[in-house]
Each structure stands twice: as C-alpha cells, then as structure tokens.
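Quick notes on the structure that follows.
Keep in mind that this is a model prediction, so the values were computed, not measured.
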Amino acid sequence: MLLPVSVLLRRAYTVSVIGAALVAAATGQGHRRVAAALGVPADTVRGWLRRLRGRADELAAYCTRAVYRFDASAWRLDPPAGWATPTQAAVGLLGAAAAAFQRSAGTSKLEPWECACAVTGGLLLANTTRPYPPLW
C-alpha cells in the first residue's frame, strides 16, 4: 500500500501535526504542553517523543547521509548552538535533509514535513529494526 507524504506509517495524525510536536519538544516543551497546544492526547505525544528519543542517534546519522545524497555540494553540517541533545540534533538534521530533498526534487509544492516524510519513506517514527529506507 502506498501512503501519501502527508502521513507516517501507523500514525493517525498527519506528519505536520507530528512534526510540530517534535519541534516543540526539541525546544524544551513537555509532552503535556505540546499535546494541549495541538489538541492531541498527551499519551499520544509522549509516545511520539519516546520513539524519537529512542531513535535520535540513528535518525541523525541517516539524515546526515541523506543531506549528502540529495545535495552533493553540501559542504559541512555545523551544529547550531541549540543542538545540545540527540533529539535536537535529530530534528535539526531531519530539517536539513528535508530541505536538501526539496532542492534536489525541484518541488515547492510539498510542505517541509512532507519532505521529511518522503526522506524517511514514511518511517520516521516506525517501530521496526531497520526503520529507514536505503539511500540509493
């Protein structure tokens, strides 16, 4: 079954809602505050954040490879001052990978989180042993 880039595998909310939760959490907001702001149950947001924290290192490494895959002219990925935790680094690198994908695809029709979904093949928060597709 093919999924549109607006949804993640086995997630009931759109990637834009989930992405907003991930960014808010990376900026230091707790899951209850994020859930209230988005109108999502707190347990759901807590599950997303647990999955992200459990995969942060792997996601950061995958997104670093994706940036260079989609933009061979990328020079160096210097971490901004705000990347103090693996979660913040993973979210930041996911944004960089999504931007590189958008540039390489030459499309401005996709939202940034839809590009992030495309980069991860819809498996951003997957609970599998190999969660991300190979980078051709």
Side-chain angles (χ1 to χ4, degrees):
M1 171 162 114
L2 292 175
L3 295 174
V5 292
S6 59
V7 295
L8 296 172
L9 182 67
R10 301 184 63 138
R11 303 294 169 188
Y13 292 89
T14 64
V15 70
S16 298
V17 171
I18 295 170
L22 301 182
V23 168
T27 61
Q29 296 182 36
H31 75 276
R32 287 186 186 93
R33 177 179 283 176
V34 172
L38 296 174
V40 176
D43 288 343
T44 300
V45 173
R46 186 175 55 215
W48 296 340
L49 301 181
R50 280 183 182 163
R51 176 68 56 203
L52 177 64
R53 282 191 300 270
R55 299 252 183 219
D57 291 333
E58 187 175 357
L59 177 62
Y62 178 81
C63 288
T64 301
R65 289 190 308 273
V67 166
Y68 293 110
R69 165 61 180 95
F70 295 122
D71 185 2
S73 66
W75 174 246
R76 205 170 70 176
L77 294 174
D78 289 327
W83 290 8
T85 67
T87 301
Q88 292 169 335
V91 171
L93 286 165
L94 181 60
F101 171 80
Q102 193 168 30
R103 285 190 306 273
S104 74
T107 180
S108 60
K109 294 181 181 183
L110 294 178
E111 297 293 323
W113 280 106
E114 291 175 336
C115 291
C117 182
V119 167
T120 61
L123 301 171
L124 175 61
L125 298 178
N127 57 354
T128 61
T129 56
R130 184 181 174 132
Y132 308 116
L135 291 167
W136 330 257

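Applying the side-chain hydrogen bond (donor to acceptor under 3.5 Å, both in side chains) rule to pairs touching residues 28-45 yields D43-R46, sequence neighbours excluded. Annotation: salt bridge (Lys or Arg N to Asp or Glu O under 4.0 Å) contacts involving residues 52-64, sequence neighbours excluded, comprise R55-E58. Legend: side-chain hydrogen bond (donor to acceptor under 3.5 Å, both in side chains) pairs involving residues 94-105, not counting sequence neighbours, sorted by first then second residue: D71-R103. Counting only residues at least two apart or on different chains, the ring pair (Phe, Tyr, Trp, His ring centres under 6.0 Å) pairs with a member in residues 37-62 are Y13-W48, Y62-Y132.
Taken to the nearest 0.5 Å, the CZ atom of F101 stands 12.5 Å off from the SG atom of C63.
Qualifying side-chain contact (heavy atoms from CB on, under 4.5 Å) partners for A56, counting only residues two or more places apart in sequence or in other chains: P86, T87, A90. Residues passing the side-chain contact (heavy atoms from CB on, under 4.5 Å) test with L9 are L3, L123, sequence neighbours excluded.
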Applying side chain to side chain contact (heavy atoms under 4.5 Å, CB included), run through V91 and L52 and close with a yes or a no. CA-CA 9 Å; V91 171; L52 177 64; 3.9 Å; yes
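By the 4.5 Å heavy-atom criterion applied to side chains, L59 and L124 are counted as neighbours.
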Compile the donor-acceptor pairs under 3.5 Å between side chains in residues 110-117 and protein atoms, sequence neighbours left out, one pair per line.
residue, atom, partner, partner atom, Å
E114, OE1, E111, N, 3.0

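Looking at every heavy atom in both residues, V45 comes nearest to A21 through CG1-CB, 4.4 Å. In terms of heavy-atom proximity, I18 sits nearest to L125 at CG2-CD1, 3.6 Å. When all heavy atoms are compared, the tightest approach of P133 to V119 is CG-O, 4.1 Å.
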